[in-house]
Amino acid sequence: MTRKILIVDDDQKTRILLKAYLEKNQYEVSLSHNGESFLAEFNRCADELSLVILDVMLPDTDGFALCKIVRQRSNMPIIMLTASSDETDRIVGLELGADDYIAKPYSPRELLARIKAIFRRAGVEATLPPRRYNFVGFTLDAVERKVTSPAGELVTLTGLDFQLLKYFVEHPGDILDRSVLCEETRGRDVGPLDRSLDVQISRLRLRLNDDGKLPAIIKTVRGAGYVFSADVTVSQA
């Protein structure tokens, strides 16, 4: 999977140079020229980003403010760029959550080496399972074990219902047969005459406002099982 990097720098020549160099090294790169455009792009594609690179000096804000916003929303790596040789800038950036700091002037080759080093260090963390699963406006938080509706309200679920929904969002698009679902949620299989799973799925559809006659989220695949048809996006934060 290609890693996507968002860079904000007010120097057009620098932006173009970095984009060309990093794309040549198999990274996908998006560019911003100031804080406003950076935040717009970050809000649009935060779940797709692997790393952000922030210039400290920007015409409408500074990299420190952007670093703080990014860190409040995500654990993705942050590299900061500065033309200042003042150690204070570096310390402030690191305290706000930056992962690395590069002083200008620097070579694209050095930046690439820093990026690769960060991804190597983050390799273990990258294998952690997602914390939040988002689908049709709902959010399932796997850590706090809660589900919120598109209106931001808490969805009341039993422990078994939550476990079933969590398994569904972990396997979107997969046809899951009854035995698998029962094993994952109950720790045991059920006989062909046991309708408890069907009752549970009907209850779950009700909680998700999924029409029982024409469900769009949890669909029945006749003779095969069930499939979670909604698009699911995930995040660690």
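For the residue pair Pro108 and Leu17, the shortest heavy atom distance occurs at CG-CD2, 3.9 Å. Residues Pro130 and Tyr133 approach most closely at CD-OH, 3.7 Å, considering heavy atoms. For the residue pair Val232 and Val169, the shortest heavy atom distance occurs at CG1-O, 3.9 Å. Smallest separation of non-hydrogen atoms from Ala230 and Pro172: O-CB, 4.2 Å. Here the shortest heavy-atom pairing between Ser37 and Ser32 reads OG-CB, 3.3 Å. Of all heavy-atom pairs spanning Phe119 and Pro77, the tightest one is CE2-CG, 4.5 Å.
Between the CD1 atom in Ile79 and the CD1 atom in Ile5 there is a gap of 7.5 Å [rounded to 0.5 Å]. The line from OH of Tyr21 to OH of Tyr27 is 10.5 Å long, rounded to the nearest 0.5 Å. Phe42 CZ to Leu6 CG: the interatomic distance, rounded to the nearest 0.5 Å, is 8.5 Å. Remark: Asp210 CG to Ser202 OG distance equals 10.5 Å, nearest 0.5 Å. The distance from the CG atom of Leu165 to the CD atom of Glu170 is 9.5 Å, given to the nearest 0.5 Å. Interatomic distance, Leu96 CG to Gln72 CD, rounded to the nearest 0.5 Å: 9.5 Å.
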Problem - Verdict with supporting geometry, Asp47 and Lys4, salt bridge (charged side-chain N to carboxylate O under 4.0 Å, His left out) - result: CA-CA 10 Å; Asp47 291 340; Lys4 184 171 183 178; over 6 Å; no
Problem - side chain to side chain contact (heavy atoms under 4.5 Å, CB included) assessment of Leu112 paired with Lys24 - result: CA-CA 11 Å; Leu112 177 62; Lys24 182 180 177 181; over 6 Å; no
Handout entry: Steps toward side chain to side chain contact (heavy atoms under 4.5 Å, CB included) verdict (Ile115, Asn25)
Key = CA-CA 11 Å; Ile115 291 172; Asn25 285 274; over 6 Å; no
Practice task
For the pair Ile53 and Ile102, evaluate side chain to side chain contact (heavy atoms under 4.5 Å, CB included) and give the outcome as yes or no after the intermediate values.
Solution key: CA-CA 10 Å; Ile53 298 174; Ile102 301 179; over 6 Å; no
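Ionic pairing of Asp161 and Arg203 is present here: one or more N-O contacts between side-chain nitrogen and carboxylate oxygen are shorter than 4.0 angstrom. Between Arg71 and Asp99, at least one side-chain N (NZ, or NE/NH1/NH2) sits under 4.0 Å from a carboxylate O, which counts as a salt bridge.
The main-chain N or O of Pro59 is never found under 3.5 Å from a side-chain atom of Asn34 such that the two would form a donor-acceptor pair. Looking at Glu36, its side chain never comes within 3.5 Å of a backbone N or O of Asp60 through a donor-acceptor pair.
Residue pairs meeting the salt bridge (Lys or Arg N to Asp or Glu O under 4.0 Å) criterion with at least one member in residues 217-228, sequence neighbours excluded, do not occur. Within the structure, the salt bridge (Lys or Arg N to Asp or Glu O under 4.0 Å) test picks out the following pairs touching residues 134-151 (sequence neighbours left out): Arg131-Asp141, Arg131-Glu144, Arg132-Asp141, Glu144-Lys146.
Ring orientation note: the planes of His171 and Tyr167 are tilted relative to one another, at an angle of 30° to 60°.
Considering Thr220, Asp198, Asp177 as possible partners of Tyr226, the one that fulfils the side chain to side chain donor-acceptor pair (under 3.5 Å) test is Asp198.
Thr61 is not listed as a side-chain neighbour of Phe38, based on a closest heavy-atom distance of 4.5 Å or more. In this structure, Phe168 and Ile217 have side chains that are not in contact, with every pair of non-hydrogen atoms separated by 4.5 Å or more. Counting heavy atoms from C-beta on, the side chains of Ile78 and Met80 come closer than 4.5 Å. The shortest side-chain heavy-atom distance between Thr14 and Tyr106 falls under the 4.5 Å cut-off. Counting heavy atoms from C-beta outward, Lys166 and Leu140 have side chains that approach closer than 4.5 Å. Side-chain contact between Ile201 and Arg205 is present, with heavy atoms from C-beta onward closer than 4.5 Å. Inter-residue side-chain proximity for Lys104 and Asp55 is flagged as met; some heavy-atom pair is nearer than 4.5 Å.
Around CD1 of Ile175, the count of heavy atoms belonging to other residues, nucleotides or ligands within 6.0 Å does not exceed 12. Remark: Glu110 CD is packed, more than 12 non-hydrogen atoms of other residues, nucleotides or ligands lying under 6.0 Å away. Counting heavy atoms of neighbouring residues, nucleotides and ligands inside a 6.0 Å radius, atom CG of Asp231 does not exceed 12 of them.
When the side chains of ILVMFWY residues are joined at heavy-atom separations under 4.5 Å, either directly or via intervening members, Val221 and Leu164 end up in two distinct hydrophobic clusters. Hydrophobic clustering of Ile, Leu, Val, Met, Phe, Trp and Tyr side chains at less than 4.5 Å, counting indirect connections, unites Val136 with Phe228.
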